[in-house]
Amino acid sequence: MFLKNCWYVAAWDHELIDGKLLPRTLLNEHVLLYRGDSGQIMAVNNRCPHRGALLSDGRREGDGLRCLYHGIKFDGAGKCVQIPGQDMIPPKMRLRKYPIVESGHLVWIWMGDPARADRALIPEYEPMLDPKWKGLPAYLHYDANYLLIVDNLSDFSHLAFVHTNTLGGSEEYAYVTKPVVVEKQEGGFRVERWHMNSESPPFHKRVIPDRERAAPVDRRNHVRMLIPGIFYMETMFAPAGSGAEKGNVVEAREYRNCQYMTPETERTTHFFWAYLNNFEGNDSTISRSLLNSLIEGFMEDKAIIEQQQKTLDEDPSFQPLAILADGPLVHFRRQLSKLIEAEQAEAAAATARATSAA
Amino acid sequence: MFLKNCWYVAAWDHELIDGKLLPRTLLNEHVLLYRGDSGQIMAVNNRCPHRGALLSDGRREGDGLRCLYHGIKFDGAGKCVQIPGQDMIPPKMRLRKYPIVESGHLVWIWMGDPARADRALIPEYEPMLDPKWKGLPAYLHYDANYLLIVDNLSDFSHLAFVHTNTLGGSEEYAYVTKPVVVEKQEGGFRVERWHMNSESPPFHKRVIPDRERAAPVDRRNHVRMLIPGIFYMETMFAPAGSGAEKGNVVEAREYRNCQYMTPETERTTHFFWAYLNNFEGNDSTISRSLLNSLIEGFMEDKAIIEQQQKTLDEDPSFQPLAILADGPLVHFRRQLSKLIEAEQAEAAAATARATSAA
Amino acid sequence: MFLKNCWYVAAWDHELIDGKLLPRTLLNEHVLLYRGDSGQIMAVNNRCPHRGALLSDGRREGDGLRCLYHGIKFDGAGKCVQIPGQDMIPPKMRLRKYPIVESGHLVWIWMGDPARADRALIPEYEPMLDPKWKGLPAYLHYDANYLLIVDNLSDFSHLAFVHTNTLGGSEEYAYVTKPVVVEKQEGGFRVERWHMNSESPPFHKRVIPDRERAAPVDRRNHVRMLIPGIFYMETMFAPAGSGAEKGNVVEAREYRNCQYMTPETERTTHFFWAYLNNFEGNDSTISRSLLNSLIEGFMEDKAIIEQQQKTLDEDPSFQPLAILADGPLVHFRRQLSKLIEAEQAEAAAATARATSAA
């Protein structure tokens with residue numbers, strides 16, 4: 001069960017260059033994405049309604065598609081416009097079309113009722129639209145439910161143990177720090193955590209000048225998680241004792257990070273992310289180093305999270321036992337469940353109305 | 001659910017040379033085929049009734065078999081004739097034996113009630129018994145239900161799009177031609193289709209003399225589909241305008257093609273075929289070229305058809321939407337369903353009679 | 001359904017050297033085995049109760065374990081002793097601990113009620129504790145239910161057909177010999193079988209002096225099978241006619257063999273064994289030869305038994321048809337079923353008592 005009436009990231013824009021047909025399963029639905037000759041990005045059901053052949057094995061013609069089994073052609077609106085050897089076109093011969101918005105190199109899709117697809121509901125991430133922040137778009141595929149990734153991002157004590165030698169830096173992070181802010185919100189949560197007078201973690205050391213590497217830092221992570229599975233984080237490293245916690249951030253180095261968890265199926269996830277910096281200048285050496293570091297770190301998460309999925313599959317009766325740090329993730333799952341239940345109830349009511357009217 | 005009381009192709013005769021034990025699943029049943037010392041081809045259930053060991057891992061002894069787990073021996077009639085270390089042989093210790101007919105290099109099997117296995121019911125293909133027609137026996141395995149292959153062969157507009165550069169020749173075939181005859185019959189259907197003044201398709205060009213290659217042709221495909229899944233086709237290429245459609249076939253080149261779809265399971269199929277010609281003379285160069293061309297073309301079908309099976313598995317609610325050209329396949333599926341239902345009803349009635357008598 | 005209140009072999013002791021964390025599924029439960037700093041072998045549930053991360057991906061600390069997802073630490077008794085970032089430790093945060101006994105290089109585990117884990121119930125094998133008997137510890141993994149291996153060991157006529165050229169020696173073994181003793185016991189069975197004046201089998205010929213190889217032997221196999229799946233066998237080869245069957249065993253060569261079938265899941269098995277001899281002297285050449293011969297023979301069994309499992313999975317309605325030689329295995333399965341049923345009934349009654357008391 002997924003939340004339907006909301007925006008999900010379906011792709012990076014570079015995945016659709018040159019009119020490429022990109023089949024991608026989203027929320028268990030088989031979607032075909034492509035950019036038409038008009039420049040518009042299209043998203044339709046990737047099944048020819050005639051015999052179920054994949055349209056991704058077909059051919060793009062302008063803004064439309066031709067199935068290459070029996071040659072049936074659909075226009076950019078999903079309407080059938082040609083059946084070779086037949087003049088009459090049955091009205092049911094059409095493709096489901098999904099609302100799409102392109103913004104800041106991201107391709108957003110609306111999987112629910114198209115009439116509700118309001119662009120203003122997209123949770124834009126300012127740094128992604130601001131040229132001051134630089135970074136490279138990235139993607140990983142997870143063999144795990146997207147909420148296990150949300151869980152992972154909800155408690156940063158895992159940095160200490162999972163990412164000791166990559167993103168974390170030391171186990172001390174877990175032993176000596178706690179969140180200073182945990183704010184449960186209607187559409188997600190917010191957590192702020194400081195690690196004062198600590199060593200810089202490996203991924204950061206790699207991209208700063210030699211003279212800064214050994215110096216102790218005051219480190220801040222400020223995390224926002226938004227329904228249905230969107231993570232925005234500000235990270236700052238300031239010289240230890242420089243008063244960053246009081247607002248003196250002149251000498252600080254900062255990062256901006258966005259992560260988008262889009263369910264593929266109940267057991268698999270598309271994971272899009274970018275890790276942005278504002279100090280690399282004109283080349284992309286620092287962005288490439290950060291990309292490598294983040295992949296290294298995320299592979300550590302992936303191993304644990306995919307194993308969790310296996311555990312749940314093997315032991316469906318396994319009930320996790322919450323600790324204090326799980327407050328945000330428990331809140332998030334509850335909020336999301338309420339929204340999904342409301343959506344399902346509304347859909348059931350609409351079906352009932354339609355049935356009694358008929 | 002399969003039709004049981006009919007003949008299916010189980011194997012080519014060359015698959016059983018040298019007394020080889022050939023295990024093959026047919027209609028979900030585990031059959032073991034072999035030629036005994038007497039020259040007869042045998043087909044029995046490939047499970048030792050003692051502990052379920054495979055008899056295909058056993059040893060042929062004359063017309064019989066010995067299981068090589070505990071040494072139990074069965075004769076050519078499936079009767080147990082030895083249990084090492086024991087004198088009494090329980091009457092239930094026997095193998096199910098299937099009626100077999102060998103004809104025209106094909107091994108036919110009857111999966112239903114042996115008492116009804118009438119050789120006269122075999123739908124022999126004359127060209128397979130006539131030495132004038134030459135060709136090579138071939139086999140492909142499909143990860144798809146056999147009816148999806150029947151569907152494919154029921155509408156030749158797919159030649160235009162799936163086989164443009166192999167068996168078809170151009171997309172024009174679909175746009176400008178329609179069947180001139182569509183005859184729904186009790187046990188299948190018949191379709192005739194002409195493509196006048198067209199270019200020869202690649203597979204044909206490869207086997208004709210240089211001087212004929214560029215000349216336009218009038219092309220005829222005449223297709224018969226028979227229950228449970230047997231396809232016979234006559235193909236003719238005549239010089240364009242030579243009056244072949246009126247019966248003037250002196251200068252025509254002709255092919256005869258048989259294809260046998262035998263269910264392995266609900267999701268997999270044994271596909272036997274031969275593509276015959278009457279103009280190759282004494283070597284088999286043309287037969288080998290045609291074999292290669294047909295494999296090339298069938299691999300194109302296989303990719304689409306196996307993907308259809310995946311679609312059906314992923315979206316069990318997917319309902320194909322028929323177009324006019326689907327008339328024959330819809331008719332065929334209905335005819336077959338009726339026969340299967342009648343067979344099931346009869347079996348249920350027999351079981352009921354047996355129960356009330358007991 | 002497995003018998004829980006009994007000892008199973010979980011591992012060989014050498015599998016736990018250097019504090020190695022050994023995850024092993026036993027009776028469908030996910031167990032983690034390791035030797036702590038105290039020298040004790042520990043067995044706990046291999047799931048962190050917090051979020052289900054594998055403790056085998058964690059870190060051993062002394063006799064305890066630390067989960068490396070969020071750093072939660074458990075002591076050697078399975079008690080949680082640290083949650084980073086939190087002072088209060090919830091009482092439910094603990095690991096299930098399994099009783100373990102180490103004996104004769106074997107690690108025994110009790111999967112049922114720990115209060116009943118009585119060391120005296122371990123069916124020790126004397127030769128494994130006696131330095132006169134030498135051999136190498138061995139392990140195979142089976143993709144088959146453990147009872148199919150018990151079945152295999154219950155009828156030695158399979159030696160003749162499955163192991164003709166390895167452990168058996170000839171098909172004659174099945175044709176001319178029968179058990180002289182078949183004793184059905186409460187916790188298993190006992191079978192004795194002699195093959196008089198026979199050729200030595202290949203595995204034996206490889207380890208005896210040249211002069212003995214061609215001489216005919218009187219061969220005795222004496223087998224005991226114990227619930228839940230433990231096989232002990234004495235094998236003797238005496239010069240033919242020397243009167244071994246009357247107790248004259250001076251010139252005989254003897255082996256002792258133990259095999260332990262521990263269910264991993266309903267469809268897979270851990271198979272531990274040792275094949276011991278008392279005549280190799282100070283090097284281990286003979287033990288190594290016997291190890292190789294037994295692996296060779298067991299791989300022959302494995303092929304048949306794993307195929308049986310596939311047959312049962314494909315044809316769940318397949319009912320084996322017993323022959324006389326299946327008496328012991330039928331008895332064994334009945335005995336085991338009774339014990340499992342009694343255990344289940346007792347557990348259900350305890351649950352009912354607990355429910356009505358609450």
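Just so we're on the same page: letters track the sequence lines, and every chain starts at 1.
Side-chain contact check for T164(A) versus L68(C): every heavy-atom pair is 4.5 Å or farther apart. Put simply, the side chain of K92(C) reaches to within 4.5 Å of the side chain of L321(A), judged on heavy atoms. Residues F161(A) and P84(C) meet the side-chain proximity criterion, which asks for heavy atoms closer than 4.5 Å. Within the 4.5 Å cutoff, no side-chain heavy atoms of Y69(C) are placed close to those of D155(A). Taking 4.5 Å as the limit, every side-chain heavy atom of N28(C) sits out of range of all side-chain heavy atoms of E314(A). The closest side-chain heavy-atom distance from R47(C) to Q308(A) is not below 4.5 Å. Residues M93(C) and I323(A) are in side-chain contact: their nearest non-hydrogen atoms beyond the backbone lie under 4.5 Å apart.
Heavy-atom distances place no part of D301(A) under 4.5 Å from chain C, backbone and side chain included. Using a 4.5 Å cut-off between heavy atoms, A174(A) contacts chain C through both its backbone and its side chain. In this structure, the portion of I304(A) lying under 4.5 Å from any heavy atom of chain C is its side chain and not its backbone. Interface residue Q319(A): only backbone heavy atoms are found under 4.5 Å from chain C. Contact of L159(A) with chain C is not made at all, since no heavy-atom distance falls under 4.5 Å. The contact between R51(C) and chain A is made by backbone and side chain atoms together, counting heavy-atom distances below 4.5 Å. Contacts of I72(C) with chain A are made by side-chain atoms alone, with heavy-atom separations under 4.5 Å and no backbone atom involved.
Within a 6.0 Å radius of CG in D87(C), no more than 12 heavy atoms belonging to other residues, nucleotides or ligands are found. For K97(C), the NZ atom counts as densely surrounded, since its 6.0 Å shell holds more than 12 non-hydrogen atoms of other residues, nucleotides or ligands. In this structure, R96(C) places its CZ atom where more than 12 heavy-atom neighbours from other residues, nucleotides or ligands lie under 6.0 Å away. Residue Q309(A) qualifies as enclosed at atom CD: its count of foreign heavy atoms under 6.0 Å is above 12.
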### Task
Just do the side chain to side chain contact (heavy atoms under 4.5 Å, CB included) check on Y175(A) and Q82(C) with the steps written out, would you?
CA-CA 10 Å; Y175(A) 297 129; Q82(C) 187 182 28; 3.6 Å; yes
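Ranked by heavy-atom pairs under 4.5 Å with chain C, the list E300(A), K310(A), K178(A) is led by K178(A).
Considering NE2 of H70(C) and CZ of F156(A), their distance stands at 10.5 Å, rounded to 0.5 Å.
In this structure a side-chain-to-backbone donor-acceptor pair under 3.5 Å is present from Q86(C) to L324(A).
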